[in-house]
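Working notes, structure below.
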Amino acid sequence: MVGELIVLFNFFFNIILLRFTQAVTRYPIKTWRLISSAFCSALIAVVFYESIVMTIVSFIVLIGIAFSFRWSSFFVQGSWLMMGTLLAGGLLSAVQPYLLKHSIFAYILFCLGIACSSLFLMKRSWFNKLQQVVQQQYVTNCEVELFDQTLSLLAYIDTGNECLEPLSRAPVHFISFKAVHEQLEPTFEASLQKWSEKEPLALEMFSKELRKNIRIVPLTTVQNSSVLVPAFRAQVKINDKTDSNQYVIFTKNDARFPQKAQMIAHVSVLTK
């Protein structure tokens, strides 16, 4: 009975490792390959647990059956599988003395839970790091000339920002008010503070000269509700390319600005 439970434990542990490897490398595994590789590897590892050679064979069988014995899989998926094994196996070895007092079923459940949790955190950490690397490719310096004032900002080119000014179809960029309010001309900064979403068309706080360069732009919020906000015509210089037909919106909600950017640039910047 104990031997069968050990095989079962290794089987589920292999399933967890393969699912982790599949998620990180984004390589699909057919269900029959997943089950077959996990069971065969577990059986070999338990029957020949004292043989280093058979442990290696068990690893080869696990990778080979799951990923069709492709040579590249032993380097790509095999590397991630090895890292996952070392992480989860190391944690299980560390907590094992504290779990031995429990029943065999509780022991198996605790171990599998620890393996799942550790590999999930490792996968999330890897994806967060990968996301940071990708985002850094879209970060650039820019200059925004607004009402005879030039702002030097760190911009993030957001492929999801397709906002356009309705009449001219000019690109709209979003600037963090918190990041630039100290650089703004005091009168203009005070006017922005007075403007209210409850009365979006009330623009009396801005001077007549400024109102000539203001357009009201409809936006859709995260809650799928529509709001109207003032957009200011500006000249934007990004990647040594200057365009005077642009608009900027100042937002107080900059929590979603990645890479500590001060401005979310329009996706059209990538094609200019």
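Along the sequence shown, the residues carry numbers beginning at 1.
- Checking side-chain atoms of His266 against main-chain N and O of Cys163 turns up a donor-acceptor pair under 3.5 Å.
- Atom CD1 of residue Ile249 and atom CZ of residue Arg215 lie 13.0 Å apart, to the nearest 0.5 angstrom.
- For Ser79, the side-chain contact (heavy atoms from CB on, under 4.5 Å) test picks out no residue, with sequence neighbours left out.
- Legend: residues meeting ring-ring contact (aromatic ring centres under 6.0 Å, His included) with Trp195, ordered by chain and number and at least two apart, are absent.
- Residue pairs meeting the side chain to side chain donor-acceptor pair (under 3.5 Å) criterion with at least one member in residues 162-172, sequence neighbours excluded, are Glu165-Ser168.
- With sequence neighbours excluded, no residue forms a ring-ring contact (aromatic ring centres under 6.0 Å, His included) with Phe12.
- In terms of modelled atom types and a separation under 3.5 Å, the side chain of Ser125 and the main chain of Leu121 share no donor-acceptor contact.
- For Arg33, the CZ atom is densely surrounded, since the number of other residues' heavy atoms within 6.0 Å is greater than 12.
- In this structure, Phe74 and Trp71 have tilted ring planes: the angle between them lies in the 30° to 60° band.
- Classified by interplanar angle (parallel below 30°, tilted 30° to 60°, perpendicular above 60°), the ring pair Phe39/Phe11 is perpendicular.
- Here CE of Met82 is found 10.5 Å from CG of Leu17. Values are rounded to the nearest 0.5 Å.
- Partners of Ala202 according to the side-chain contact (heavy atoms from CB on, under 4.5 Å) rule, which considers only residues two or more places apart in sequence or in another chain, are Glu199, Glu204.
- With sequence neighbours excluded, no residue satisfies side-chain hydrogen bond (donor to acceptor under 3.5 Å, both in side chains) with Thr31.
- Summarising the local packing, CZ of Arg124 is surrounded by 12 or fewer heavy atoms from other residues, nucleotides or ligands at distances under 6.0 Å.
- Contacts of Tyr27 classified as ring-ring contact (aromatic ring centres under 6.0 Å, His included), with partners at least two apart in sequence or in another chain: Phe67.
- Between Gln262 and Lys178, the side chains place no donor N or O within less than 3.5 Å of an acceptor N or O (distance only, hydrogens not considered).
- Taking the side-chain contact (heavy atoms from CB on, under 4.5 Å) definition, one finds that Ser207 meets it with Glu209, Leu210, sequence neighbours left out.
- Formation of a donor-acceptor pair under 3.5 Å by the Asn14 side chain with backbone atoms of Ala38 is found in this model.
- Legend: residues meeting side-chain hydrogen bond (donor to acceptor under 3.5 Å, both in side chains) with Thr25, ordered by chain and number and at least two apart, are Gln77.
- By the side-chain hydrogen bond (donor to acceptor under 3.5 Å, both in side chains) test, Arg233 pairs with no residue at all, sequence neighbours left out.
- Partners of Ser58 by side-chain hydrogen bond (donor to acceptor under 3.5 Å, both in side chains), not counting sequence neighbours, listed by chain and number: Ser41.
- Judged as a side-chain contact (heavy atoms from CB on, under 4.5 Å), and not counting sequence neighbours, the contacts of Asn141 are Leu154.
- Ring-centre distance between Phe188 and Phe250: below the 6.0 Å cut-off.
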